[in-house]
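Beneath this line is the structure, given in C-alpha coordinates, with notes to follow.
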Amino acid sequence: MRDLVSVRARGQALIETAIALPVFLIAMFGVIWALQSGVLGERVQMAARYGGMVSAQGNPFQQYSLYGVYGAAIGTPVVAPCGLPPAQMLSGGSPLVAPAAPSPQFWQPSGSPAVSGKCGRTLSTAAGLSGPKLLGHAQLTVDATNDVPLSLQAAFGGALTPWNATVNQLESPDMGTLVACYPELKAAFAASVTPPAANGNAPAVSAIAQPQTAPLALDGSCSA
Amino acid sequence: MLGLRARGQTLPIWAMGLGAALVLAFSALQYGEVLRWQIRAQNAADAAAAGALSVQTSAWNQQMAVMYAASVEEWRIRNLLEAMVVASAGDSGCARGNSTNCQPLYNSLKDQYARAVARYTTDVQLMSRVSQYTLPQAQADAKAIVADFQRNCGKANGGDCGVSYTVTDVRKRVGDLNDVQQDGGAWVVNGIAPARVKDDYTPAQIEIVTCAKVPPLVPGFLNFTPPTFTAVGRAAATSAMVTEEWIQPGVIVNPQTGKPFQPPEDFSGGTTTATGPNGHNWFVNDFGGNAAKAFPLSNAYSERINGPEFSAVTGWWSTIPIKPYSGALAPGSYSCATS
(Lines give C-alpha, C1' and ligand atoms only; values in the text may rest on other atoms or scores of the structure.)
Protein backbone atom coordinates (compact mmCIF):
# COMPACT_ATOMS: atom_id res chain seq x y z
CA MET A 1 0.00 0.00 0.00
CA ARG A 2 2.78 2.37 0.94
CA ASP A 3 4.58 1.63 -2.27
CA LEU A 4 1.44 2.28 -4.27
CA VAL A 5 0.93 5.72 -2.69
CA SER A 6 4.54 6.58 -3.24
CA VAL A 7 4.30 5.74 -6.91
CA ARG A 8 1.11 7.87 -7.21
CA ALA A 9 2.86 10.75 -5.42
CA ARG A 10 5.71 10.60 -7.84
CA GLY A 11 3.30 10.80 -10.69
CA GLN A 12 1.56 13.75 -9.06
CA ALA A 13 4.81 15.68 -8.85
CA LEU A 14 5.50 14.95 -12.46
CA ILE A 15 2.10 16.26 -13.52
CA GLU A 16 2.50 19.37 -11.38
CA THR A 17 5.89 19.99 -12.88
CA ALA A 18 4.59 19.46 -16.39
CA ILE A 19 1.93 22.09 -15.75
CA ALA A 20 4.01 24.59 -13.79
CA LEU A 21 7.24 24.46 -15.78
CA PRO A 22 5.86 26.08 -18.95
CA VAL A 23 4.20 28.78 -16.90
CA PHE A 24 7.42 29.35 -15.02
CA LEU A 25 9.40 29.48 -18.24
CA ILE A 26 6.99 32.02 -19.67
CA ALA A 27 7.47 34.09 -16.54
CA MET A 28 11.24 33.81 -16.93
CA PHE A 29 10.96 34.91 -20.55
CA GLY A 30 9.03 37.83 -19.16
CA VAL A 31 11.92 38.62 -16.83
CA ILE A 32 14.35 38.56 -19.74
CA TRP A 33 12.08 40.74 -21.86
CA ALA A 34 11.59 43.14 -18.98
CA LEU A 35 15.34 43.47 -18.48
CA GLN A 36 15.97 44.08 -22.17
CA SER A 37 13.11 46.53 -22.39
CA GLY A 38 14.14 48.46 -19.31
CA VAL A 39 17.71 48.85 -20.51
CA LEU A 40 16.77 49.68 -24.09
CA GLY A 41 14.22 52.27 -23.02
CA GLU A 42 16.88 53.98 -20.95
CA ARG A 43 19.50 53.81 -23.71
CA VAL A 44 17.11 55.33 -26.22
CA GLN A 45 16.62 58.27 -23.88
CA MET A 46 20.39 58.55 -23.43
CA ALA A 47 20.95 58.56 -27.20
CA ALA A 48 18.43 61.37 -27.61
CA ARG A 49 20.08 63.21 -24.73
CA TYR A 50 23.53 63.21 -26.29
CA GLY A 51 22.06 63.91 -29.69
CA GLY A 52 20.52 67.05 -28.24
CA MET A 53 23.78 68.14 -26.71
CA VAL A 54 25.76 67.40 -29.85
CA SER A 55 23.32 69.34 -31.98
CA ALA A 56 23.61 72.33 -29.68
CA GLN A 57 27.39 72.44 -29.73
CA GLY A 58 28.15 70.24 -32.69
CA ASN A 59 30.13 72.55 -34.87
CA PRO A 60 30.60 75.91 -33.16
CA PHE A 61 33.13 77.24 -35.64
CA GLN A 62 30.54 77.00 -38.37
CA GLN A 63 27.63 78.00 -36.16
CA TYR A 64 29.24 80.89 -34.31
CA SER A 65 32.03 82.61 -36.20
CA LEU A 66 32.93 85.38 -38.61
CA TYR A 67 33.06 82.66 -41.23
CA GLY A 68 29.33 82.18 -40.73
CA VAL A 69 28.67 85.93 -40.80
CA TYR A 70 30.66 86.54 -44.00
CA GLY A 71 28.96 83.57 -45.63
CA ALA A 72 25.49 84.83 -44.83
CA ALA A 73 26.18 88.48 -45.66
CA ILE A 74 28.22 88.35 -48.85
CA GLY A 75 28.70 84.75 -49.91
CA THR A 76 27.13 81.38 -49.68
CA PRO A 77 25.70 80.73 -46.24
CA VAL A 78 27.66 78.26 -44.19
CA VAL A 79 25.31 75.45 -43.33
CA ALA A 80 26.23 73.75 -40.11
CA PRO A 81 25.31 70.06 -40.20
CA CYS A 82 22.51 68.90 -37.97
CA GLY A 83 24.13 66.91 -35.18
CA LEU A 84 22.61 63.48 -34.73
CA PRO A 85 23.43 60.82 -32.20
CA PRO A 86 25.21 57.94 -33.92
CA ALA A 87 22.94 54.93 -34.28
CA GLN A 88 25.83 52.74 -33.17
CA MET A 89 25.24 54.04 -29.69
CA LEU A 90 22.43 51.51 -29.48
CA SER A 91 23.60 48.70 -31.68
CA GLY A 92 27.13 48.10 -30.62
CA GLY A 93 30.43 49.93 -30.71
CA SER A 94 30.16 53.64 -30.60
CA PRO A 95 32.23 56.26 -32.38
CA LEU A 96 32.16 58.22 -29.18
CA VAL A 97 34.82 57.83 -26.56
CA ALA A 98 32.58 55.85 -24.26
CA PRO A 99 31.35 53.19 -24.26
CA ALA A 100 34.39 51.95 -26.10
CA ALA A 101 33.37 48.30 -26.27
CA PRO A 102 30.33 47.04 -28.17
CA SER A 103 27.40 46.09 -26.02
CA PRO A 104 26.74 42.36 -25.69
CA GLN A 105 24.18 41.12 -28.17
CA PHE A 106 21.66 40.60 -25.40
CA TRP A 107 21.37 44.34 -24.76
CA GLN A 108 21.22 45.40 -28.38
CA PRO A 109 17.96 46.34 -30.05
CA SER A 110 16.46 44.07 -32.63
CA GLY A 111 16.77 45.40 -36.15
CA SER A 112 18.33 48.74 -36.89
CA PRO A 113 17.60 51.67 -34.63
CA ALA A 114 16.50 54.81 -36.41
CA VAL A 115 17.90 58.22 -35.63
CA SER A 116 16.45 61.30 -37.23
CA GLY A 117 16.76 65.00 -36.66
CA LYS A 118 15.68 68.33 -37.92
CA CYS A 119 17.61 71.51 -37.30
CA GLY A 120 16.50 74.98 -38.10
CA ARG A 121 15.07 78.02 -36.46
CA THR A 122 11.90 78.95 -34.68
CA LEU A 123 10.33 82.22 -33.71
CA SER A 124 9.08 82.59 -30.19
CA THR A 125 6.35 85.12 -29.61
CA ALA A 126 5.57 84.06 -26.07
CA ALA A 127 3.73 86.38 -23.73
CA GLY A 128 6.20 88.16 -21.50
CA LEU A 129 8.99 88.29 -24.05
CA SER A 130 10.55 91.65 -24.77
CA GLY A 131 9.72 91.03 -28.44
CA PRO A 132 9.59 88.20 -30.97
CA LYS A 133 12.75 86.18 -30.55
CA LEU A 134 14.53 84.10 -33.12
CA LEU A 135 15.90 80.86 -31.71
CA GLY A 136 17.84 77.94 -33.09
CA HIS A 137 15.96 74.69 -32.90
CA ALA A 138 16.87 71.03 -33.15
CA GLN A 139 14.51 68.11 -32.83
CA LEU A 140 16.10 64.73 -32.34
CA THR A 141 14.21 61.45 -32.40
CA VAL A 142 15.54 58.01 -31.64
CA ASP A 143 13.53 54.85 -32.31
CA ALA A 144 14.43 51.28 -31.47
CA THR A 145 12.68 48.00 -30.81
CA ASN A 146 13.33 44.83 -28.91
CA ASP A 147 11.82 41.41 -29.49
CA VAL A 148 8.91 40.17 -27.46
CA PRO A 149 9.24 36.46 -26.67
CA LEU A 150 6.89 34.36 -28.76
CA SER A 151 5.01 33.14 -25.73
CA LEU A 152 4.26 36.72 -24.66
CA GLN A 153 3.36 38.21 -28.01
CA ALA A 154 -0.33 37.58 -27.58
CA ALA A 155 -0.28 39.38 -24.23
CA PHE A 156 1.71 42.34 -25.53
CA GLY A 157 0.03 42.60 -28.89
CA GLY A 158 3.04 42.28 -31.18
CA ALA A 159 6.43 40.82 -31.88
CA LEU A 160 8.33 44.01 -31.11
CA THR A 161 8.32 46.50 -28.29
CA PRO A 162 8.86 50.01 -29.65
CA TRP A 163 10.92 52.59 -27.76
CA ASN A 164 11.03 56.21 -28.71
CA ALA A 165 12.62 59.35 -27.35
CA THR A 166 12.38 62.88 -28.67
CA VAL A 167 14.31 65.90 -27.48
CA ASN A 168 13.52 69.40 -28.59
CA GLN A 169 16.51 71.60 -28.14
CA LEU A 170 16.39 75.37 -28.37
CA GLU A 171 19.64 77.19 -28.80
CA SER A 172 21.24 80.41 -29.87
CA PRO A 173 20.65 80.75 -33.63
CA ASP A 174 23.76 80.22 -35.71
CA MET A 175 25.32 83.35 -37.18
CA GLY A 176 24.25 82.56 -40.71
CA THR A 177 20.62 82.43 -39.62
CA LEU A 178 20.97 85.45 -37.39
CA VAL A 179 22.41 87.62 -40.14
CA ALA A 180 20.06 86.35 -42.85
CA CYS A 181 16.96 86.93 -40.72
CA TYR A 182 17.73 90.55 -39.87
CA PRO A 183 18.05 92.41 -43.20
CA GLU A 184 19.34 95.61 -41.61
CA LEU A 185 22.16 93.71 -39.94
CA LYS A 186 22.95 91.86 -43.15
CA ALA A 187 22.93 95.01 -45.25
CA ALA A 188 25.10 97.00 -42.84
CA PHE A 189 27.62 94.20 -42.50
CA ALA A 190 27.77 93.62 -46.25
CA ALA A 191 28.16 97.34 -46.95
CA SER A 192 31.01 97.72 -44.49
CA VAL A 193 33.03 94.69 -45.53
CA THR A 194 32.29 95.07 -49.25
CA PRO A 195 31.58 98.73 -49.97
CA PRO A 196 29.29 99.16 -52.94
CA ALA A 197 30.48 101.09 -55.96
CA ALA A 198 30.03 104.84 -55.64
CA ASN A 199 26.73 105.93 -57.03
CA GLY A 200 25.51 109.52 -57.02
CA ASN A 201 26.73 112.19 -54.69
CA ALA A 202 28.42 111.26 -51.46
CA PRO A 203 26.25 111.82 -48.40
CA ALA A 204 27.05 114.75 -46.18
CA VAL A 205 28.99 113.87 -43.06
CA SER A 206 27.04 114.84 -39.98
CA ALA A 207 26.99 114.01 -36.32
CA ILE A 208 24.44 111.61 -34.87
CA ALA A 209 21.65 113.73 -33.45
CA GLN A 210 19.80 110.99 -31.66
CA PRO A 211 20.93 107.40 -31.07
CA GLN A 212 18.35 104.96 -32.34
CA THR A 213 16.87 102.34 -30.02
CA ALA A 214 14.25 100.44 -32.02
CA PRO A 215 14.84 96.68 -32.21
CA LEU A 216 15.89 95.23 -35.53
CA ALA A 217 13.09 94.19 -37.85
CA LEU A 218 12.84 90.49 -38.65
CA ASP A 219 12.75 89.35 -42.26
CA GLY A 220 9.32 88.14 -43.30
CA SER A 221 10.64 84.75 -44.34
CA CYS A 222 11.89 84.16 -40.81
CA SER A 223 8.60 85.02 -39.15
CA ALA A 224 6.92 81.74 -40.02
CA MET B 1 1.38 9.00 5.72
CA LEU B 2 4.54 9.82 3.90
CA GLY B 3 2.72 9.40 0.63
CA LEU B 4 -0.01 11.86 1.54
CA ARG B 5 2.51 14.46 2.53
CA ALA B 6 4.41 13.93 -0.67
CA ARG B 7 1.35 14.62 -2.78
CA GLY B 8 1.41 18.11 -4.27
CA GLN B 9 4.68 18.98 -2.63
CA THR B 10 6.10 20.59 -5.80
CA LEU B 11 3.13 22.87 -6.40
CA PRO B 12 3.92 25.36 -3.61
CA ILE B 13 7.50 25.45 -4.75
CA TRP B 14 6.47 26.15 -8.34
CA ALA B 15 3.98 28.72 -7.12
CA MET B 16 6.64 30.47 -5.10
CA GLY B 17 9.05 30.32 -8.02
CA LEU B 18 6.44 31.69 -10.36
CA GLY B 19 5.60 34.46 -7.93
CA ALA B 20 9.27 35.32 -7.57
CA ALA B 21 9.70 35.39 -11.34
CA LEU B 22 6.71 37.69 -11.76
CA VAL B 23 7.97 40.00 -9.04
CA LEU B 24 11.37 40.02 -10.71
CA ALA B 25 9.87 40.78 -14.11
CA PHE B 26 7.74 43.62 -12.80
CA SER B 27 10.61 44.97 -10.73
CA ALA B 28 12.89 44.98 -13.76
CA LEU B 29 10.21 46.68 -15.83
CA GLN B 30 9.51 49.23 -13.14
CA TYR B 31 13.20 49.92 -12.58
CA GLY B 32 13.65 50.47 -16.29
CA GLU B 33 10.68 52.80 -16.23
CA VAL B 34 12.20 54.76 -13.36
CA LEU B 35 15.51 55.15 -15.17
CA ARG B 36 13.80 56.07 -18.42
CA TRP B 37 11.69 58.76 -16.81
CA GLN B 38 14.60 60.09 -14.81
CA ILE B 39 16.62 60.61 -17.98
CA ARG B 40 13.58 61.95 -19.80
CA ALA B 41 13.03 64.54 -17.08
CA GLN B 42 16.72 65.44 -17.16
CA ASN B 43 16.65 65.77 -20.96
CA ALA B 44 13.69 68.11 -20.68
CA ALA B 45 15.45 70.22 -18.06
CA ASP B 46 18.70 70.45 -20.04
CA ALA B 47 16.93 71.40 -23.26
CA ALA B 48 14.87 74.09 -21.55
CA ALA B 49 17.86 75.54 -19.70
CA ALA B 50 19.92 75.78 -22.89
CA GLY B 51 17.11 77.47 -24.77
CA ALA B 52 16.14 79.91 -22.07
CA LEU B 53 19.26 82.05 -22.28
CA SER B 54 19.50 81.97 -26.05
CA VAL B 55 17.87 85.37 -26.31
CA GLN B 56 20.73 86.95 -24.40
CA THR B 57 23.42 85.16 -26.39
CA SER B 58 21.67 86.00 -29.63
CA ALA B 59 21.59 89.70 -28.73
CA TRP B 60 25.29 89.68 -27.96
CA ASN B 61 26.11 87.87 -31.20
CA GLN B 62 24.28 90.58 -33.09
CA GLN B 63 26.38 93.17 -31.30
CA MET B 64 29.58 91.34 -32.13
CA ALA B 65 28.71 91.19 -35.82
CA VAL B 66 27.96 94.92 -35.91
CA MET B 67 31.06 95.75 -33.93
CA TYR B 68 33.21 93.84 -36.41
CA ALA B 69 31.61 95.62 -39.35
CA ALA B 70 32.21 98.97 -37.65
CA SER B 71 35.82 98.11 -36.95
CA VAL B 72 36.40 97.29 -40.62
CA GLU B 73 34.94 100.67 -41.47
CA GLU B 74 37.10 102.40 -38.88
CA TRP B 75 40.19 100.82 -40.40
CA ARG B 76 39.13 101.99 -43.83
CA ILE B 77 38.44 105.53 -42.60
CA ARG B 78 41.84 105.70 -40.98
CA ASN B 79 43.53 104.71 -44.20
CA LEU B 80 41.42 107.11 -46.23
CA LEU B 81 42.32 110.00 -43.94
CA GLU B 82 45.95 109.11 -44.19
CA ALA B 83 45.74 108.97 -47.97
CA MET B 84 43.91 112.33 -48.09
CA VAL B 85 46.64 113.98 -46.08
CA VAL B 86 49.28 112.57 -48.37
CA ALA B 87 47.36 113.48 -51.52
CA SER B 88 46.71 117.02 -50.32
CA ALA B 89 50.44 117.48 -49.88
CA GLY B 90 51.16 116.01 -53.27
CA ASP B 91 53.28 113.51 -51.48
CA SER B 92 54.04 109.90 -52.07
CA GLY B 93 54.26 110.27 -55.76
CA CYS B 94 50.57 110.45 -56.55
CA ALA B 95 51.53 112.97 -59.13
CA ARG B 96 55.23 112.23 -59.27
CA GLY B 97 55.98 115.60 -57.73
CA ASN B 98 53.30 117.48 -59.61
CA SER B 99 50.88 118.40 -56.86
CA THR B 100 48.24 119.78 -59.19
CA ASN B 101 47.48 116.30 -60.49
CA CYS B 102 46.73 115.08 -57.02
CA GLN B 103 43.49 117.00 -56.87
CA PRO B 104 41.31 114.42 -58.66
CA LEU B 105 42.67 111.70 -56.43
CA TYR B 106 42.05 113.83 -53.37
CA ASN B 107 38.47 114.42 -54.49
CA SER B 108 37.95 110.73 -54.98
CA LEU B 109 39.36 109.96 -51.56
CA LYS B 110 37.13 112.61 -49.99
CA ASP B 111 34.10 111.07 -51.69
CA GLN B 112 34.99 107.63 -50.43
CA TYR B 113 35.66 109.02 -46.99
CA ALA B 114 32.17 110.54 -46.85
CA ARG B 115 30.62 107.26 -47.93
CA ALA B 116 32.68 105.32 -45.38
CA VAL B 117 31.61 107.68 -42.61
CA ALA B 118 27.98 107.29 -43.67
CA ARG B 119 28.27 103.50 -43.49
CA TYR B 120 30.05 103.80 -40.17
CA THR B 121 27.23 105.99 -38.90
CA THR B 122 24.78 103.29 -39.93
CA ASP B 123 26.86 100.73 -38.02
CA VAL B 124 26.92 102.92 -34.94
CA GLN B 125 23.16 103.44 -35.04
CA LEU B 126 22.71 99.73 -35.52
CA MET B 127 24.97 99.08 -32.56
CA SER B 128 22.83 101.42 -30.49
CA ARG B 129 19.73 99.48 -31.48
CA VAL B 130 21.12 96.02 -30.70
CA SER B 131 22.65 97.19 -27.43
CA GLN B 132 19.41 97.96 -25.65
CA TYR B 133 19.10 94.49 -24.16
CA THR B 134 19.32 94.48 -20.38
CA LEU B 135 19.83 91.86 -17.70
CA PRO B 136 16.25 92.24 -16.35
CA GLN B 137 15.01 91.66 -19.91
CA ALA B 138 17.18 88.58 -20.19
CA GLN B 139 15.75 87.27 -16.93
CA ALA B 140 12.15 87.93 -17.97
CA ASP B 141 12.73 86.50 -21.44
CA ALA B 142 14.27 83.33 -20.03
CA LYS B 143 11.17 82.72 -17.92
CA ALA B 144 8.88 83.47 -20.83
CA ILE B 145 10.78 81.08 -23.11
CA VAL B 146 10.44 78.25 -20.59
CA ALA B 147 6.75 78.98 -20.07
CA ASP B 148 6.30 78.89 -23.83
CA PHE B 149 8.23 75.64 -23.99
CA GLN B 150 5.70 74.18 -21.59
CA ARG B 151 2.72 75.68 -23.38
CA ASN B 152 3.84 74.33 -26.76
CA CYS B 153 4.65 70.89 -25.41
CA GLY B 154 4.24 68.16 -27.98
CA LYS B 155 4.74 70.58 -30.86
CA ALA B 156 7.90 70.83 -32.90
CA ASN B 157 9.28 73.71 -30.85
CA GLY B 158 7.76 72.76 -27.54
CA GLY B 159 8.87 70.78 -24.56
CA ASP B 160 7.96 67.43 -23.10
CA CYS B 161 4.29 67.17 -22.24
CA GLY B 162 5.05 64.58 -19.59
CA VAL B 163 6.86 66.94 -17.26
CA SER B 164 6.25 70.32 -15.71
CA TYR B 165 8.89 73.03 -15.97
CA THR B 166 9.84 75.42 -13.19
CA VAL B 167 12.46 78.14 -13.41
CA THR B 168 13.86 78.12 -9.90
CA ASP B 169 16.44 80.82 -10.47
CA VAL B 170 17.81 83.13 -13.13
CA ARG B 171 20.44 85.70 -12.30
CA LYS B 172 23.72 87.17 -13.46
CA ARG B 173 26.54 84.71 -13.24
CA VAL B 174 29.11 84.74 -10.50
CA GLY B 175 32.41 82.92 -10.36
CA ASP B 176 33.67 79.54 -11.42
CA LEU B 177 34.20 79.80 -15.15
CA ASN B 178 37.50 80.65 -16.74
CA ASP B 179 37.91 84.41 -16.77
CA VAL B 180 38.34 84.70 -20.52
CA GLN B 181 35.09 82.91 -21.11
CA GLN B 182 33.39 84.58 -18.20
CA ASP B 183 34.15 88.11 -19.15
CA GLY B 184 31.83 89.81 -21.58
CA GLY B 185 33.48 93.20 -21.44
CA ALA B 186 37.18 92.76 -22.01
CA TRP B 187 39.83 90.28 -22.92
CA VAL B 188 41.03 89.11 -19.57
CA VAL B 189 43.78 86.59 -19.11
CA ASN B 190 42.97 83.91 -16.61
CA GLY B 191 44.53 84.56 -13.25
CA ILE B 192 44.15 88.31 -13.44
CA ALA B 193 41.21 89.91 -11.71
CA PRO B 194 38.31 90.08 -14.15
CA ALA B 195 37.19 93.43 -15.39
CA ARG B 196 34.19 95.03 -13.75
CA VAL B 197 31.39 94.51 -16.19
CA LYS B 198 28.07 96.26 -16.33
CA ASP B 199 25.23 93.99 -15.26
CA ASP B 200 23.68 94.09 -18.70
CA TYR B 201 26.88 92.59 -20.08
CA THR B 202 27.29 89.98 -17.40
CA PRO B 203 26.33 86.51 -18.60
CA ALA B 204 23.20 85.15 -17.00
CA GLN B 205 22.75 81.73 -15.47
CA ILE B 206 19.54 79.82 -15.04
CA GLU B 207 18.41 76.80 -13.12
CA ILE B 208 15.39 74.74 -14.11
CA VAL B 209 13.58 71.86 -12.46
CA THR B 210 11.39 69.45 -14.37
CA CYS B 211 9.15 67.03 -12.57
CA ALA B 212 6.73 64.24 -13.38
CA LYS B 213 4.70 61.94 -11.16
CA VAL B 214 4.83 58.58 -12.87
CA PRO B 215 2.22 55.99 -11.92
CA PRO B 216 3.47 52.43 -11.47
CA LEU B 217 3.28 50.08 -14.42
CA VAL B 218 1.54 47.49 -12.27
CA PRO B 219 -1.60 48.58 -10.50
CA GLY B 220 -2.26 47.59 -6.94
CA PHE B 221 -2.91 43.98 -6.12
CA LEU B 222 -3.99 42.26 -2.92
CA ASN B 223 -3.28 44.88 -0.32
CA PHE B 224 -0.18 46.23 -1.98
CA THR B 225 -0.24 49.44 -3.97
CA PRO B 226 3.02 50.31 -5.72
CA PRO B 227 3.97 53.91 -5.03
CA THR B 228 3.89 56.65 -7.64
CA PHE B 229 7.38 57.52 -8.75
CA THR B 230 8.48 61.15 -8.94
CA ALA B 231 11.02 61.87 -11.68
CA VAL B 232 12.92 65.08 -11.13
CA GLY B 233 15.29 66.62 -13.63
CA ARG B 234 17.45 69.53 -12.67
CA ALA B 235 19.64 71.52 -15.02
CA ALA B 236 21.50 74.78 -15.13
CA ALA B 237 22.99 76.67 -18.03
CA THR B 238 24.85 79.88 -18.60
CA SER B 239 25.73 82.17 -21.46
CA ALA B 240 29.33 81.67 -22.50
CA MET B 241 31.68 82.45 -25.33
CA VAL B 242 31.76 79.11 -27.08
CA THR B 243 34.09 80.26 -29.84
CA GLU B 244 36.77 82.92 -29.71
CA GLU B 245 38.61 84.10 -32.79
CA TRP B 246 41.71 86.09 -33.36
CA ILE B 247 41.50 86.76 -37.01
CA GLN B 248 43.39 88.86 -39.50
CA PRO B 249 40.74 89.38 -42.10
CA GLY B 250 43.09 90.36 -44.88
CA VAL B 251 45.28 87.34 -44.49
CA ILE B 252 43.09 84.45 -43.49
CA VAL B 253 41.37 82.95 -46.49
CA ASN B 254 37.66 82.30 -46.63
CA PRO B 255 37.35 78.62 -47.52
CA GLN B 256 34.22 79.31 -49.53
CA THR B 257 35.76 81.89 -51.84
CA GLY B 258 39.43 81.02 -51.70
CA LYS B 259 40.16 84.71 -51.09
CA PRO B 260 40.96 86.63 -47.92
CA PHE B 261 37.93 87.41 -45.81
CA GLN B 262 38.69 91.08 -46.23
CA PRO B 263 40.62 91.77 -49.42
CA PRO B 264 42.90 94.81 -49.90
CA GLU B 265 41.30 97.96 -51.33
CA ASP B 266 42.93 100.31 -53.80
CA PHE B 267 41.78 103.92 -53.40
CA SER B 268 43.87 105.30 -56.21
CA GLY B 269 41.62 104.16 -58.99
CA GLY B 270 44.59 102.67 -60.72
CA THR B 271 46.12 106.06 -61.42
CA THR B 272 49.21 105.60 -59.35
CA THR B 273 51.59 103.00 -58.15
CA ALA B 274 53.27 105.37 -55.83
CA THR B 275 54.82 104.10 -52.68
CA GLY B 276 55.89 105.98 -49.63
CA PRO B 277 58.56 105.38 -47.06
CA ASN B 278 59.26 101.75 -46.23
CA GLY B 279 57.38 100.62 -49.28
CA HIS B 280 54.00 101.65 -48.00
CA ASN B 281 51.44 102.40 -50.69
CA TRP B 282 49.32 105.13 -49.17
CA PHE B 283 46.37 104.42 -51.37
CA VAL B 284 45.96 100.77 -50.60
CA ASN B 285 44.07 99.63 -47.56
CA ASP B 286 45.58 96.31 -46.57
CA PHE B 287 43.48 94.76 -43.84
CA GLY B 288 46.04 92.14 -43.01
CA GLY B 289 49.76 91.98 -42.94
CA ASN B 290 50.92 90.89 -39.56
CA ALA B 291 54.32 92.43 -39.65
CA ALA B 292 54.61 92.83 -35.93
CA LYS B 293 58.10 92.28 -34.60
CA ALA B 294 59.27 91.85 -31.10
CA PHE B 295 60.62 95.12 -29.75
CA PRO B 296 63.07 93.93 -27.14
CA LEU B 297 63.78 97.25 -25.45
CA SER B 298 60.27 97.66 -24.13
CA ASN B 299 59.25 94.04 -24.28
CA ALA B 300 56.55 94.93 -26.75
CA TYR B 301 55.89 94.80 -30.45
CA SER B 302 56.58 97.35 -33.11
CA GLU B 303 54.66 97.64 -36.33
CA ARG B 304 56.32 98.36 -39.62
CA ILE B 305 54.57 101.13 -41.39
CA ASN B 306 53.95 98.99 -44.43
CA GLY B 307 52.39 96.25 -42.40
CA PRO B 308 49.86 97.66 -39.99
CA GLU B 309 47.96 94.82 -38.46
CA PHE B 310 44.22 94.60 -38.39
CA SER B 311 43.44 92.07 -35.71
CA ALA B 312 39.88 91.19 -34.91
CA VAL B 313 39.30 89.49 -31.60
CA THR B 314 35.80 88.15 -31.53
CA GLY B 315 33.87 85.97 -29.16
CA TRP B 316 30.61 84.33 -30.10
CA TRP B 317 28.04 83.37 -27.56
CA SER B 318 25.87 80.39 -26.92
CA THR B 319 24.64 78.57 -23.84
CA ILE B 320 26.48 75.79 -22.12
CA PRO B 321 25.32 73.45 -19.36
CA ILE B 322 26.72 74.00 -15.88
CA LYS B 323 26.22 72.27 -12.58
CA PRO B 324 23.07 73.31 -10.70
CA TYR B 325 24.12 75.95 -8.25
CA SER B 326 21.18 76.65 -5.94
CA GLY B 327 21.88 74.00 -3.35
CA ALA B 328 19.20 71.68 -2.04
CA LEU B 329 15.78 72.07 -3.60
CA ALA B 330 13.21 73.38 -1.18
CA PRO B 331 10.02 71.30 -1.02
CA GLY B 332 7.28 72.99 -2.97
CA SER B 333 9.70 75.17 -4.90
CA TYR B 334 8.73 73.44 -8.14
CA SER B 335 5.56 72.10 -9.66
CA CYS B 336 5.07 68.48 -10.57
CA ALA B 337 2.75 67.14 -13.23
CA THR B 338 1.16 63.72 -13.31
CA SER B 339 2.31 62.06 -16.50
Side-chain angles (χ1 to χ4, degrees), chain A residues 5-6 9 12-13 16-17 20 23-24 27-28 30-31 34-35 37-38 41-42 45-46 49 52 56 60-61 64-66 69-71 75-76 122 124 126 128-130 133 135 137 139 167-173 175 178 185 188-189 191-193 198 202-203 205 208 211-214 216, chain B residues 3 6-8 10-11 14 17-18 21-22 24-25 28-29 31-32 35-36 39-40 43 47 50-51 54-55 57-58 61-62 65 69 72-73 111 114-115 117-119 121-123 125-126 128-129 132 137 140-141 144-145 148 156-157 159 242-243 245 247 254 256-257 261-262 314 316 318:
Chain A
V5 170
S6 178
Q12 182 73 16
E16 288 172 6
T17 302
V23 177
F24 182 75
M28 289 308 293
V31 172
L35 285 170
S37 297
E42 178 222 338
Q45 288 288 345
M46 288 298 281
R49 171 176 181 73
F61 283 98
Y64 309 112
S65 64
L66 271 178
V69 181
Y70 268 90
T76 308
T122 185
S124 181
L129 279 176
S130 54
K133 301 299 177 188
L135 300 171
H137 172 244
Q139 185 178 42
V167 169
N168 271 333
Q169 187 93 18
L170 297 178
E171 60 199 22
S172 197
M175 292 312 299
L178 198 63
L185 176 60
F189 188 91
S192 283
V193 301
V205 176
I208 293 174
Q212 297 172 355
T213 56
L216 300 188
Chain B
R7 278 182 193 168
T10 61
L11 203 55
W14 281 115
L18 188 62
L22 287 174
L24 197 59
L29 215 52
Y31 184 60
L35 288 181
R36 196 169 66 85
I39 299 168
R40 183 174 165 178
N43 285 354
S54 294
V55 181
T57 57
S58 179
N61 283 341
Q62 282 184 337
V72 169
E73 208 67 75
D111 179 87
R115 295 178 195 279
V117 170
R119 290 192 299 269
T121 304
T122 301
D123 291 342
Q125 287 286 32
L126 213 55
S128 171
R129 292 170 64 186
Q132 302 298 318
Q137 280 180 323
D141 284 349
I145 290 283
D148 202 39
N157 59 347
V242 293
T243 52
E245 296 167 307
I247 184 173
N254 185 337
Q256 282 196 328
T257 62
F261 276 102
Q262 198 59 46
T314 58
W316 305 96
S318 186

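In the text below, chain A, chain B and the rest are named by the order of the sequence lines, each starting its count at 1.
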Could you tell me which portion of [X] (side chain, backbone, both or neither) has an atom closer than 4.5 angstrom to a non-hydrogen atom of chain B?
X	value
V193(A)	both
V167(A)	side chain
M46(A)	both
L135(A)	side chain
F61(A)	both
Q45(A)	both

S192(A)-E73(B) side chain donor-acceptor pair, cut-off 3.5 Å
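Indeed, the side chains of S192(A) and E73(B) share at least one donor-acceptor pair under 3.5 Å.
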Non-hydrogen side-chain atoms of F261(B) and L66(A) separated by less than 4.5 Å:
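F261(B) vs L66(A): side chains apart.
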Between T121(B) and V205(A), is any pair of side-chain heavy atoms under 4.5 Å apart?
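Contact flag for T121(B)/V205(A) side chains = no.
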Tell me whether Q125(B) contacts the main-chain N or O of Q212(A) through its side chain, where contact means a donor paired with an acceptor under 3.5 Å.
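Side chain of Q125(B) to backbone of Q212(A), a donor-acceptor pair under 3.5 Å: yes, one is there.
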Qualifying residues under salt bridge (Lys or Arg N to Asp or Glu O under 4.0 Å), relative to D123(B), sequence neighbours excluded
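In terms of salt bridge (Lys or Arg N to Asp or Glu O under 4.0 Å), with neighbours along the sequence ignored, D123(B) is linked to no residue.
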I'd like to know which of [options] tops the heavy-atom pair count under 4.5 Å against chain A.
options	result
R115(B), Q132(B), R119(B), R36(B)	R115(B)
A118(B), G32(B), S128(B), G17(B)	S128(B)
L29(B), N43(B), T257(B)	N43(B)

What residues, two or more places apart in sequence or in another chain, satisfy side chain to side chain donor-acceptor pair (under 3.5 Å) together with S124(A)?
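For S124(A), the residues satisfying side chain to side chain donor-acceptor pair (under 3.5 Å) (neighbours in sequence not counted) are D148(B).
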